Structure formats: C-alpha cells, structure tokens
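Below: the structure, in structure tokens.
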Amino acid sequence: QVQLVESGGGLVQAGGSLRLSCAASGRTFSYYAMGWFRQAPGKEREFLATISGSGISTDYADSVKGRFTISRDNAKNTVYLQMNNLKPEDTAVYYCAASRRGIVVVDSYKYDYWGQGTQVTVSS
C-alpha cells in the first residue's frame, strides 16, 4: 500500500510559478512510476506528466510541455511538479499517482494509487 500526499498548491497570478510536491509512504518508492494529473470543474481528469521509477525517463502532455517539469527524489520519497508561466486555464485540482509498472505511464487507469489532490488557482 502506498499513500500519497500532495502539497504546494495555492493562488498565483498568470505568468507565475508553483512547485507541487507529492510525498509517498513506503520503502519501495523507486519501483513506482509517478504521474501528475489535473481535473478542472466539469472536465475529465487530464494527464500532465510522468516519470519512471529511476527518474531517467519522462513524458509530458502537449498542453504543458516546456512549461511544467516533473522530477523525483527517491531518497526523500517525493515527486515534484515545477509549473512555470501559469495560465488561468491551468486552474484545477492537481493529483499525483503511483503505478507499479515502473516505466512512464500516461493512462490514468494504469495507476494504482492516488493522492487527495491540491488546488491550483491561476488568476488573470
């Protein structure tokens, strides 16, 4: 069982930056691929970024490529999402997730554990 706790959300002006963190419980964090998703009101959950267990491989949604960066620190059991040049349309609840597959994972149904989410609001 893996428990995930996100933090770092908040209110930011357009063009600003935020860094989200996701702390994971357990001793096998490096076995899991990690991902970030978001869900805006009235919309489906959207994939943003994923990173392999080793941290070597990453993948991004086109909507955030070049603005968001996913990273992880396996010694701290933590995955991060650095978000730059934020836009009002980035407003959503952001979730981290863990997949036993270990490699980069894009599809939400392939994730086994989810955090409770953290709100990000970008004002114009």
Side-chain angles (χ1 to χ4, degrees):
Q1 187 79 7
V2 175
Q3 293 184 324
L4 304 173
V5 179
E6 302 98 334
S7 61
L11 175 64
V12 63
Q13 288 188 333
S17 298
L18 282 175
R19 188 176 82 155
L20 304 183
S21 299
C22 174
S25 65
R27 295 176 291 179
T28 58
F29 179 68
S30 62
Y31 294 175
Y32 291 86
M34 300 298 295
W36 284 98
F37 294 76
R38 69 186 178 191
Q39 189 166 19
K43 295 188 177 181
E44 292 186 354
R45 188 166 294 186
E46 175 189 13
F47 163 76
L48 299 176
T50 179
I51 187 166
S52 62
S54 65
I56 293 175
S57 300
T58 59
D59 197 7
Y60 295 90
D62 288 342
S63 59
V64 304
K65 198 172 293 184
R67 297 191 299 127
F68 291 9
T69 302
I70 189 170
S71 62
R72 66 190 297 158
D73 185 338
N74 286 344
K76 295 182 178 180
N77 280 17
T78 302
V79 63
Y80 304 97
L81 186 68
Q82 177 67 44
M83 306 187 294
N84 298 327
N85 190 23
L86 283 161
K87 306 174 182 180
E89 52 264 42
D90 294 318
T91 295
V93 177
Y94 284 67
Y95 300 90
C96 71
S99 171
R100 295 189 189 98
R101 288 166 172 81
I103 57 174
V104 290
V105 179
V106 174
D107 302 306
S108 62
Y109 73 89
K110 294 180 181 178
Y111 282 86
D112 303 290
Y113 304 101
W114 292 83
Q116 82 290 347
T118 186
Q119 176 71 44
V120 172
T121 303
V122 184
S123 63
S124 58

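Only heavy atoms go into these numbers, but all of them, side chains included; no hydrogens, no water, no symmetry mates. Note that the structure is a prediction, hence the values are computed from the model and not measured.
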Please evaluate residues D90 and K87 with respect to the criterion salt bridge (Lys or Arg N to Asp or Glu O under 4.0 Å), reporting the C-alpha separation (whole Å), side-chain torsions for both, the decisive distance (0.1 Å), and the verdict. CA-CA 5 Å; D90 294 318; K87 306 174 182 180; over 6 Å; no

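- Residue A33 comes nearest to Y111 through the heavy atom pair O-CE2, 4.1 Å, listed as atom of the first residue, atom of the second, then distance.
- Aromatic pair F47/F37: ring centres closer than 6.0 Å.
- Between Q116 and Y95 the shortest side-chain heavy-atom distance does not fall below 4.5 Å.
- Looking only at atom types and distance, the side chain of R38 has a donor-acceptor partner in the side chain of Y94 under 3.5 Å away.
- Using modelled atom types and a 3.5 Å distance limit, the side chains of D59 and T50 yield no donor-acceptor pair.
- The residue from T78, L48, L4 that alone fulfils the side chain to side chain contact (heavy atoms under 4.5 Å, CB included) condition with C96 is L4.
- Without hydrogens or angle criteria, R101 side chain to K110 main chain gives a donor-acceptor distance under 3.5 Å.
- Counting only N and O atoms by type, the side chains of S63 and E46 include a donor and acceptor under 3.5 Å apart.
- V12 places none of its side-chain heavy atoms less than 4.5 Å from the side chain of T121.
- Considering only heavy atoms from C-beta on, Y80 stays 4.5 Å or farther from L20 through its side chain.
- Of all non-hydrogen atoms in A14 and S124, the two that sit nearest each other are CB-CA, 4.4 Å.
- Here the side chains of T91 and V120 are not in contact, with every heavy-atom distance at 4.5 Å or above.
- Looking at Q3, its side chain never comes within 3.5 Å of a backbone N or O of S25 through a donor-acceptor pair.
- Here the shortest heavy-atom pairing between V105 and S99 reads CG2-OG, 3.7 Å.
- A pairwise comparison of heavy atoms in F29 and V79 identifies CZ-N, 4.1 Å as the closest pair.
- The backbone N or O of A75 sits less than 3.5 Å from a side-chain atom of D73, completing a donor-acceptor pair.
- Environment of OH in Y113: crowded, with over 12 heavy atoms of neighbouring residues, nucleotides or ligands closer than 6.0 Å.
- For the pair R72 and Y32, the cation-pi test (distance below 6.0 Å, angle within 45°) is failed.
- Note that CE of M34 and OG of S52 are 12.0 Å apart. Values are rounded to the nearest 0.5 Å.
- Between R45 and W114 the shortest side-chain heavy-atom distance falls below 4.5 Å.
- The closest side-chain heavy-atom distance from T69 to Y60 is below 4.5 Å.
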